[in-house]
Amino acid sequence: MRAAFYTSQGPAREVLKVGEQPTPRPGPGEVRVHLSVSGANPSDWKARKGGFRPMPADLVIPHSDGAGVIDAIGPGVSPARLGERVWIWNGQWKRAFGTAADYIALPSAQAVKLPEGVDFDVGACLGIPVFTALQAIRAADPKPGETVLVAGGAGSVGHYAIQLAKLRGARVLTTVSSDAKAAHALAAGADAVINYRVEDVGDRVRALAPEGVDSVVEMDLTRNVAYYPRILKPHATCAVYGMSANESTLPSLALMTNNTRLLFLFIYELTPADRAAGLAEITQLLEDGVLTHTIARRMPLADIAEAHDLIEGGKVMGNIVLEIG
């Protein structure tokens with residue numbers, strides 16, 4: 001099969017290659033998916049670049065997200081799954097071979113049926129962007145009329161988090177870094193945007209929400225926690241799904257006396273109950289057609305290095321999907 005792969009960590013254009021690799025066969029309880037598209041995410045370039053975690057094997061086919069059709073099954077899997085259109089979660093988590101290939105074999109539960117009318121491009125955005133946003137909103141648990149601050153509202157996760165918070169009846173503030181990103185966040189339903197490059201986030205939030213915000217969906221705790229004491233209501237909840245360094249300095253006394261809750265989430269390692277609830281809600285959201293999906297670029301698999309560089313450089317608004325078959 002044709003696949004993108006790397007045998008050492010480093011810059012995308014130096015280590016990523018596209019060539020032939022053995023076609024996998026599904027084992028017991030597994031399915032094989034003939035992939036149509038592979039979704040690229042920030043965690044993919046971080047894993048490939050190195051410094052975050054070691055390679056799980058001597059050769060890695062990257063990417064955890066993707067979508068396609070089940071074309072083979074292993075022992076113990078219902079034959080009814082053959083021909084099923086599916087999307088994939090955790091395709092390359094703790095595994096050597098991800099979705100940047102013609103085929104992937106993985107546990108049947110990690111290939112989720114796509115509702116009718118939902119295309120493969122959308123399927124490649126679900127495993128990390130949508131699921132992370134959903135888990136963050138579930139953790140923040142905004143109530144109707146409450147105010148939520150979504151950090152990085154033009155990012156792929158932030159864009160979905162805005163929509164999910166609005167579906168719960170919340171008022172949404174969000175941070176962005178340009179006028180174009182502000183327009184993108186407003187189109188998702190944000191009530192107000194804050195350009196952190198030219199505005200003081202703390203001052204602007206307090207102007208928009210004089211009593212503070214009820215919750216935060218946080219994509220960079222390292223940089224943003226410094227303004228928490230100025231913007232949070234007592235008993236606020238901060239759902240943290242990202243940070244820009246291995247360690248963060250917290251204004252711990254202010255957070256403690258404010259009774260702030262910091263909830264950390266890691267989308268690759270959810271409890272079975274959280275995973276099941278999230279999958280059910282995503283399926284319902286797709287069937288209801290209430291989410292707006294932004295495919296920033298659709299690129300051939302051969303351009304995977306460029307795709308990684310675009311995501312690392314923050315040069316796209318939305319998701320990048322790679323055409324496989």
Side-chain angles (χ1 to χ4, degrees), residues 87 89 112 115 118 122 125-176 181-194 201 204-206 208-221 224 228 231-242 258-267 270-271 273-294 318-319:
W87 62 274
W89 55 270
V112 184
V118 179
V122 170
C125 302
L126 302 177
I128 293 176
V130 171
F131 218 142
T132 301
L134 178 62
Q135 193 66 14
I137 292 297
R138 290 169 67 89
D141 193 25
K143 304 296 191 297
E146 290 187 344
T147 301
V148 182
L149 174 65
V150 174
S156 56
V157 174
H159 196 252
Y160 285 118
I162 291 170
Q163 297 177 62
L164 293 168
K166 293 300 294 183
L167 286 171
R168 284 163 169 75
R171 176 185 180 226
V172 179
L173 315 180
T174 190
T175 57
V176 297
K181 291 183 177 181
H184 187 58
L186 289 169
D191 295 282
V193 294
I194 303 161
V201 174
R204 183 66 175 143
V205 169
R206 291 313 293 252
L208 293 165
E211 296 181 1
V213 300
D214 298 278
S215 58
V216 177
V217 173
E218 184 57 77
M219 54 84 66
D220 190 351
L221 182 71
N224 297 337
Y228 280 13
I231 70 168
L232 300 179
K233 279 184 179 179
H235 304 280
T237 298
C238 303
V240 181
Y241 70 88
N258 197 48
N259 286 288
T260 301
R261 293 199 309 159
L262 289 180
L263 300 179
F264 293 88
L265 62 103
F266 189 53
I267 197 60
L270 298 182
T271 66
D274 279 348
R275 182 70 68 182
L279 289 172
E281 187 166 350
I282 288 172
T283 297
Q284 190 64 58
L285 289 165
L286 294 175
E287 290 177 347
D288 292 344
V290 294
L291 293 179
T292 297
H293 309 276
T294 304
N319 300 283

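What you see is a predicted model, and the numbers here were worked out from it, not measured in a lab.
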Val157 vs Met219, side chain to side chain contact (heavy atoms under 4.5 Å, CB included): CA-CA, chis, key distance, verdict: CA-CA 8 Å; Val157 174; Met219 54 84 66; over 6 Å; no

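- Remark: His293 NE2 to Leu126 CG distance equals 7.0 Å, nearest 0.5 Å.
- Atom CZ of Arg168 is surrounded by more than 12 heavy atoms from other residues, nucleotides or ligands within 6.0 Å.
- Nearest heavy-atom pair across Ile162 and Ala190 is CG2-N, 3.4 Å.
- Within the structure, side-chain hydrogen bond (donor to acceptor under 3.5 Å, both in side chains) pairs that include any residue of residues 143-153 comprise Asp141-Lys143 (at least two apart or interchain).
- One distance of note links CD of Glu218 with CG of Leu149; it measures 7.5 Å at 0.5 Å rounding.
- Across every non-hydrogen atom of Gly127 and Ile267, the tightest pair is O-CG1, 4.0 Å.
- How far OH of Tyr160 is from CG of Leu285: 11.0 Å, rounded to the nearest 0.5 Å.
- Between Pro129 and Asn319, the shortest heavy-atom distance links the atoms CG-OD1, 3.3 Å.
- Atoms CG and CG, on Leu164 and Leu291 in that order, are 5.5 Å from each other to the nearest 0.5 Å.
- Separation of atoms CZ (Phe264) and SG (Cys238) is listed at 9.5 Å; rounding is to 0.5 Å.
- Here the CG atom belonging to Leu167 is positioned 9.5 Å from the CD1 atom belonging to Ile137, to the nearest 0.5 angstrom.
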